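Single-structure report; data block below.
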Amino acid sequence: MILTKNLTKIYSNGVVALDHISLTIKKGEFAFLVGPSGAGKTTFLNLLIRRELPTSGLLAVNQKNLATLRKSEVPLHRRSIGGVFQDYKLLPQKTVYENISFALEVIETRPKEIKERVFSVLELVCLLNKANVFPSELSGGEQQRVSLARAIVNRPLLLLADEPTGNLDPDTSWGIMDLLKEINKRGTTVVMATHNREIVDQLRKRVIALEHGKLVRDAPKGGYTLET
Amino acid sequence: MKLRTFPYFLREAFRSLFRNSLISLASIAIITIALLLFGLFFLFIANLQHLGKLAWDQVEIRVFLEQEYHTPQIVGQQLAALPGVKSVKFIPKEEGVVFLEQILGEKNLFSAEENPLPDCYRLSLTEAAEPAEIARRAAALSGVEEVVYGQAFTRFLQLVLRLGLVVGVVLLCLTVLAVLYLVINTIQLTVFARRQEIEIMKLVGATNAFVRWPFLLEGLMLGLGGAVLASVLLTKGYNILLQQLSSYSRFIPLLSGIGINRTLILALTAMGLCFGGLGSLFSVKRYL
Ligand SMILES: Nc1ncnc2c1ncn2[C@@H]1O[C@H](COP(=O)(O)OP(=O)(O)OP(=O)(O)O)[C@@H](O)[C@H]1O
Ligand SMILES: [Mg+2]
């Protein structure tokens, strides 16, 4: 699913955000991406969704080399990926329903199918009663769930979640985690960047730890730190 | 791009117009003002040009024949054949006397036998005529005694008309550019307000063409809105002006009627649509 070899990202201001990362993530895996602030987690996710280009090294997603992916192929590549962003990225002028259906309109799904799918994910994230509400009228956890719903509505092969539990209380966080586990169980590969020690330690999934852009640990059923 | 997606584009464009109603209204207002400026200028220049042409129509060349010249018809045919001559009017010396008597306010100036006036032709000119050239060639015809026309005035009028045309066209082009600039900048603001939307559309896999369409439609609608408002204001305002002027005096022959309105509305609509559409495409490009 994801294959990197000596993947390096140096921003134009000279910051080395990723430094010779080599790893593979298989289809159907669930991986946590951990590390202190500035370690390069978001950068890694941004490379996967091709918001950024690698500086050097190999990066392949779905057997496609992202370094050489043509611009016209980027939309297609992104349609196979769902993204949950640190800042939700919901559109304030659109209702919850529209924020989600939007992801399907963009890939020109049939209107009838759009309706069915949006309602089915809304049900999954327990927001059916908020379909016609605007994001500003939602709590942080609800916005996060809308963002998650939008990410999975087109049934992506790969789900990238950047701190989906940031700023959320423990109960809501666990609610999100249950959703992610459920989505993963249905076959979607999940990569989640997080600072949430409790969640990582309890779930015992694969842990990929970055520090200053370097891969410092890659443990199959790891904890948030080496000791845990 | 599938055909069934177009209703979605239209819906999106309308939705965005109404949900960002403040920005939409402000944009339409600015586009209207820009187009109004153009329209006023257009009317001004069109009328100046029109008045100049009316003045030109008054210009005439008088060709006096030699006394006792017996075949004035031949001269008349030759004069009519000169390039730039619109029409030729023969004024026999008997009529000349009548004119002169009118001007001088006297009666029975000369008896028919001792009338010293020559027969005369009056030439009226086409727009492209060169009065000096016509006068020169008329004077060279046999039977012609003298050619008279308001040389200084004609030359002045000619200069004003030609210069006026060039200056008018240049200035009009400049206003068009100014309108383009204003409209593009305005639309850029509406797009700027929605740059996040573009980013998210792209993140969920929208193609550039897909992102452009709703914005293009929205730009066209804003442009059209501005054009309609400007057209209504200008044609109504202009008609009121014409009415007011005609009630004060009949001697300001401004352009009037459907013709000028139609040209104006066409120009405004074309500009509104083109610039609105272009402005959108141009503005969206920066965020793609
Ligand atoms: N667009 C950018 N241009 C330049 N430098 C950047 C850019 N984005 C990130 N960086 C730098 O790259 C490094 C890694 O940033 P990144 O956002 O990947 O960290 P992170 O692990 O996601 O941190 P956090 O946990 O705080 O979200 C940081 O030093 C950051 O300043
Ligand atoms: Mg980050």
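For clarity, every value in this text was computed on a predicted model and none was experimentally measured.
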Exercise. Is the CG atom of B:Leu22 crowded by more than 12 outside heavy atoms at less than 6.0 Å?
Worked result: no
Problem set entry | Over 12 non-hydrogen atoms of neighbours within 6.0 angstrom of CZ in B:Arg155 | no
Exercise. Is the number of heavy atoms from other residues, nucleotides or ligands under 6.0 Å of B:Trp56 CH2 greater than 12?
Worked result: yes
For this session: Tell me, yes or no, whether the heavy-atom count around A:Tyr11 atom OH, taken from other residues, nucleotides or ligands under 6.0 Å, exceeds 12.
Result: yes
For this session: Step through the shown structure and confirm whether more than 12 heavy atoms of other residues, nucleotides or ligands are within 6.0 Å of CD on A:Glu123.
Result: no
Exercise. Do any of residues 98-120 of chain A come closer than 4.5 Å to chain B, heavy atom to heavy atom, and if so which ones, in number order?
Worked result: A:Glu98, A:Phe102, A:Ala103, A:Glu105, A:Val106, A:Ile107, A:Glu108, A:Thr109, A:Arg110, A:Pro111
Exercise. Looking at B:Ile200, B:Val211, B:Asn208, B:Thr5, which has the largest count of heavy-atom pairs under 4.5 Å with chain A?
Worked result: B:Ile200
For this session: Could you list which of residues 69-94 of chain A have a heavy atom closer than 4.5 Å to any heavy atom of chain B, in residue-number order?
Result: A:Pro75, A:Arg78, A:Arg79, A:Phe85, A:Lys89, A:Leu90, A:Leu91, A:Pro92, A:Gln93, A:Lys94
Problem set entry | Over 12 foreign heavy atoms within 6.0 Å of CZ, B:Phe6 | yes
For this session: Verify the neighbour count for atom OH of B:Tyr287: are there more than 12 heavy atoms of other residues, nucleotides or ligands below 6.0 Å?
Result: yes
